[in-house]
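Counting from 1, the numbers follow the sequence of the chain as shown. Note that the structure is predicted; figures quoted are calculated from it, not measured.
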Amino acid sequence: PELYFQKVKRDEMGARITYATLYGIFFTAAYALNFTRIAICLSILHYSVEALFHLSRLLYFADKLQIVNYSFKLWNVLFVLVRLGSITLSVLTFWYGLATHQTTQFNVAEGNFNTQIIRINCLAAVCLLEAWMMWNFINFHLRRMREKAAEAAALRKKSAGGVRKKPKKTEKEDVSELPEVDQNTNKGLIHRPNKAINCLAAVCLLEAWMMWNFINFHLRRMREKAAEAAALRKKSAGGVRKKPKKTEKEDVSELPEVDQNTNKGLIHRPNKASPKVK
């Protein structure tokens, strides 16, 4: 009914239904498993960027083109940063934070579902969702780039207009008429778009790997500092209580009689004043 009243086109129905279904599944799971706090934090990050996107669209419909260019660029940057921030927050919460209070079996009566299997599945689901959104974002921009290139080519053809052109040759025919060296160069140019997509995917994977190592490095440092602080507290608390220091008389009384006389002379020797040398 919502799609009918909004007069959504058939081409857009699939994407709308997919988004609505995913939102419903994730929010229902967060509410049922008592992970509402992390769900609220992730929702604030996500919907703040979505609000900026819809605001930019409203400005575009209002013909505020100068502001729209900056707002869409800001949205492009913030979208990527929010995706990385959501993955980072999920890893810190599910992998490290909740692991300190995990249980072996979930308890439905108390609402405690903090088990290792549930936490890992929730973390995997969030990471897959963020990766899927990032994939759609990259495809959206690549499609826009292709559309802009097609529009620019159409304008160039239209401006050139009047002069009758020869029938367009295929790429293979164009390459076959060139020398051997130029054929190899032109083939590389033809297949460059696919290489660009592969390079973009490789860069994204490399950045994700570097971010993962950065998070692990700082978490390892935090654990080491916490262990050192705990060791210092134990050392300062002093599990072994020291015995009270004995006096000189008690020490002498525990020795044999001969050693007692010798030790008494050593004890009282510093009290005797040394004779002054004239």
Side-chain angles (χ1 to χ4, degrees), residues 1-64 68-69 71-91 93-95 106 108 111 113 117-151 193-194 196-198 200-201 204-205 207-208:
E2 182 182 357
L3 299 175
Y4 175 76
F5 288 115
Q6 289 181 354
K7 296 181 180 179
V8 179
K9 298 178 181 178
R10 287 189 176 182
D11 298 337
E12 299 178 356
M13 283 186 180
R16 294 286 186 91
I17 293 171
T18 302
Y19 274 103
T21 305
L22 288 173
Y23 288 150
I25 291 172
F26 274 85
F27 281 112
T28 304
Y31 181 77
L33 298 175
N34 282 336
F35 292 145
T36 52
R37 293 183 180 179
I38 181 65
I40 290 172
C41 293
L42 294 176
S43 300
I44 291 172
L45 290 173
H46 175 71
Y47 285 112
S48 60
V49 179
E50 289 295 314
L52 178 62
F53 174 70
H54 291 293
L55 178 62
S56 302
R57 292 184 65 189
L58 290 174
L59 292 173
Y60 175 77
F61 294 139
D63 293 333
K64 304 291 184 180
V68 166
N69 292 330
S71 61
F72 273 119
K73 288 179 181 178
L74 180 62
W75 173 73
N76 291 333
V77 175
L78 290 178
F79 186 88
V80 178
L81 293 178
V82 166
R83 300 285 77 78
L84 293 175
S86 299
I87 293 174
T88 305
L89 182 61
S90 300
V91 171
T93 303
F94 288 109
W95 190 263
F106 60 87
V108 180
F113 298 92
I117 296 174
I118 293 176
R119 286 189 298 103
I120 291 174
N121 288 329
C122 290
L123 178 60
V126 172
C127 291
L128 288 174
L129 179 63
E130 298 296 333
W132 176 73
M133 295 175 68
M134 194 66 194
W135 177 256
N136 290 336
F137 177 78
I138 294 170
N139 285 332
F140 167 73
H141 280 283
L142 290 175
R143 186 170 62 252
R144 284 196 64 200
M145 290 170 61
R146 287 194 295 267
E147 290 174 355
K148 287 183 178 180
E151 290 177 0
N194 294 330
I197 295 172
N198 293 332
L200 180 61
C204 292
L205 290 174
E207 293 296 330

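- Evaluation of the salt bridge (charged side-chain N to carboxylate O under 4.0 Å, His left out) test over residues 16-35, restricted to residues two or more places apart or in two chains, returns none.
- Separating the CG atom in Leu142 from the CZ atom in Phe137 is a distance of 10.0 Å, to the nearest 0.5 Å.
- Pairs passing the salt bridge (charged side-chain N to carboxylate O under 4.0 Å, His left out) check and including a residue from residues 41-58, sequence neighbours excluded, do not occur.
- Closest approach of Trp132 to Leu22, counting heavy atoms only: CZ3-CD1, 3.5 Å.
- Once rounded to the nearest 0.5 Å, the distance linking SG of Cys122 with CH2 of Trp95 reads 13.0 Å.
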Result block: side-chain N/O donor-acceptor pairs under 3.5 angstrom for residues 36-47, not counting sequence neighbours:
from  : atom 1 : to    : atom 2 : distance (Å)
Ser43 : OG     : Ala39 : O      : 2.6
His46 : ND1    : Arg83 : NH2    : 3.3
His46 : NE2    : Tyr23 : OH     : 2.9

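- Interatomic distance, Arg119 CZ to Thr93 OG1, rounded to the nearest 0.5 Å: 11.0 Å.
- The two residues Tyr60 and Val68 have their closest heavy-atom pair at N-CG2, 3.3 Å.
- Phe140 contributes atom CZ, which lies 13.5 Å from atom CE of Met133 (distance to the nearest 0.5 angstrom).
- The environment of CE in Met145 is sparse: at most 12 heavy-atom neighbours from other residues, nucleotides or ligands sit within 6.0 Å.
- Atom-to-atom distance recorded for Thr28:OG1 and Leu33:CG is 10.5 Å, nearest 0.5 angstrom.
- Taking every heavy atom of both residues into account, Ala32 and Phe113 meet most closely at O-CE1, 3.4 Å.
- Here CG of Leu84 is found 9.0 Å from OG of Ser86. Values are rounded to the nearest 0.5 Å.
- Here the closest heavy-atom approach between residue Val126 and residue Phe26 is recorded as N-CE2, 4.3 Å.
- The aromatic ring centroids of Phe94 and Phe35 lie less than 6.0 Å from each other.
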